[in-house]
Amino acid sequence: MPSTTPLKTPDLVTFEGGDEGEWVIRSIKTCAGESIPAAAALRVGMNKADSGAVAWRLSAFTSNLRYTTAQEAAMLTAKQEGLGRPEAVYAALIPIRKSPQWWALAQDERREIYEERSRHTTIGAGYLPQIARRLHHCRDLGEPFDFLTWFEFAPEHESEFDHMLSRMRASEEWQYVDREVDIRLSRSL
């Protein structure tokens, strides 16, 4: 019998770098490919319309976990704490684009590289609950990146966050990343 549960509509999220926002931009580091313009602050909005002049604007949507098994999703849900925790005053926005070679692979081939060989979910889960995360998809919107990854954590967990990133960036999966920018933020008071 088909499910009668309505499907959740994806949320459109807009990240705007400019002079004002709830997050202060501490640094913008280009890891691969072209960078983005400098900005002092970041504004994050759900289903937000154009809000005027900004240095850059990236839009994406929340969606289902595309390479994650049901067992992995249950484990992540059990360990993950929500975004917006009072102690999580640091954040990172990491826009990523993967190469055409990645997208030419079949779904099962990408899954094999993503988790079976690179251990993406396994690595990330090892840093929960200290580091909360949300993945946003933007490839289908014609944006300059495929994914916008958002992380929040307390300042004392930034070295753990850096360790997690170094492990992921050393994996086979990252050989397919051709554009990546690491934007570090702190919550405005």
Side-chain angles (χ1 to χ4, degrees), residues 12-45 48 50-63 66-67 83 88-105 110 113-114 117-121 123-124 127 130-188:
L12 180 66
V13 183
T14 303
F15 298 87
E16 297 176 332
D19 292 332
E20 298 178 5
E22 62 271 22
W23 294 93
V24 173
I25 296 177
R26 297 186 297 132
S27 67
I28 297 176
K29 177 185 171 192
T30 303
C31 302
E34 182 184 347
S35 192
I36 59 172
L42 179 73
R43 182 179 303 131
V44 181
K48 192 171 196 168
D50 183 353
S51 60
V54 295
W56 47 267
R57 179 178 295 112
L58 300 171
S59 296
F61 58 91
T62 57
S63 184
R66 308 230 172 136
Y67 301 120
L83 299 173
V89 297
Y90 274 17
L93 172 63
I94 304 180
I96 294 172
R97 183 181 68 205
K98 292 197 173 172
S99 69
Q101 292 82 7
W102 174 262
W103 296 110
L105 296 170
R110 291 195 302 268
I113 294 167
Y114 171 86
R117 297 200 308 249
S118 296
R119 315 286 294 153
H120 188 112
T121 301
I123 290 170
Y127 296 88
Q130 295 85 352
I131 300 165
R133 89 288 180 260
R134 178 176 293 147
L135 178 65
H136 303 86
H137 300 268
C138 48
R139 177 175 170 76
D140 295 333
L141 297 176
E143 291 285 318
F145 296 95
D146 296 328
F147 308 101
L148 305 179
T149 57
W150 178 261
F151 303 91
E152 293 180 7
F153 46 91
E156 61 269 20
H157 297 298
E158 188 165 32
S159 63
E160 292 172 65
F161 179 69
D162 289 334
H163 187 254
M164 179 190 74
L165 287 180
S166 69
R167 291 180 64 199
M168 288 199 177
R169 288 175 177 150
S171 73
E172 179 184 353
E173 177 190 3
W174 246 254
Q175 295 173 19
Y176 293 92
V177 172
D178 67 8
R179 188 171 184 201
E180 178 185 7
V181 180
D182 187 332
I183 305 164
R184 299 295 175 101
L185 311 132
S186 59
R187 197 182 309 273
S188 296

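Fair warning: this is a prediction, and the values are worked out from it, not measured in the lab.
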Task: All side-chain hydrogen bond (donor to acceptor under 3.5 Å, both in side chains) counterparts of Q175, not counting sequence neighbours - done: none

Task: Candidate pair L42 and F15, rule side chain to side chain contact (heavy atoms under 4.5 Å, CB included), full reasoning - done: CA-CA 7 Å; L42 179 73; F15 298 87; 4.0 Å; yes

Task: Non-neighbouring partners of A41 that pass side chain to side chain contact (heavy atoms under 4.5 Å, CB included), sequence neighbours left out - done: none

Task: side chain to side chain contact (heavy atoms under 4.5 Å, CB included) involving R169 - partner list, sequence neighbours excluded - done: C31, I94, L165, W174, E180, D182

- [ ] Using atom types as modelled and distance alone, determine if a side-chain donor or acceptor of T149 lies under 3.5 Å from a backbone N or O of H136.
- [x] no

Task: Carboxylate-amine/guanidinium contact E173 R110, below 4.0 Å - done: no

- [ ] Compute the centroid of each ring, for Y127 and then for F161, and state whether the two points are separated by less than 6.0 Å.
- [x] no

Task: With sequence neighbours excluded, residues passing side-chain hydrogen bond (donor to acceptor under 3.5 Å, both in side chains) with S171 - done: none

- [ ] Output all residues satisfying side chain to side chain contact (heavy atoms under 4.5 Å, CB included) with A55, sequence neighbours left out; order by chain, then residue number.
- [x] P37, A39

- [ ] Please determine, by modelled atom types, if E160 and H157 share a side-chain donor-acceptor pair under 3.5 angstrom.
- [x] yes

Task: Q130: partners by side-chain hydrogen bond (donor to acceptor under 3.5 Å, both in side chains), with sequence neighbours left out - done: none

TODO: Apply side-chain hydrogen bond (donor to acceptor under 3.5 Å, both in side chains) to W23 and list each qualifying residue two or more places apart in sequence or on a separate chain.
DONE: none

Task: Under 3.5 Å donor-acceptor, R187 side chain and A88 backbone - done: yes

Open item on the list: Tell me which pairs pass salt bridge (Lys or Arg N to Asp or Glu O under 4.0 Å) where either residue lies in residues 142-156, with sequence neighbours left out.
Closed with: R139-D146

Open item on the list: Could you work out, with ring pair (Phe, Tyr, Trp, His ring centres under 6.0 Å) as the rule, every residue matching F145, not counting sequence neighbours?
Closed with: none

Open item on the list: So, using salt bridge (Lys or Arg N to Asp or Glu O under 4.0 Å) as the criterion, who are the partners of D19 when residues are at least two apart?
Closed with: none

Task: Aromatic ring proximity H137/F147, centre distance under 6.0 Å - done: yes

Open item on the list: Between S118 and I113 (side chain of the first, backbone of the second, donor and acceptor by atom type, cut-off under 3.5 Å), is there such a pair?
Closed with: yes

TODO: Mind jotting down which residue pairs meet the salt bridge (Lys or Arg N to Asp or Glu O under 4.0 Å) criterion with at least one end in residues 26-37? Sequence neighbours excluded, please.
DONE: R26-E158

TODO: With sequence neighbours left out, write down each residue that passes side chain to side chain contact (heavy atoms under 4.5 Å, CB included) with S99, or none if nothing qualifies.
DONE: Q101, W102, Y176, D178

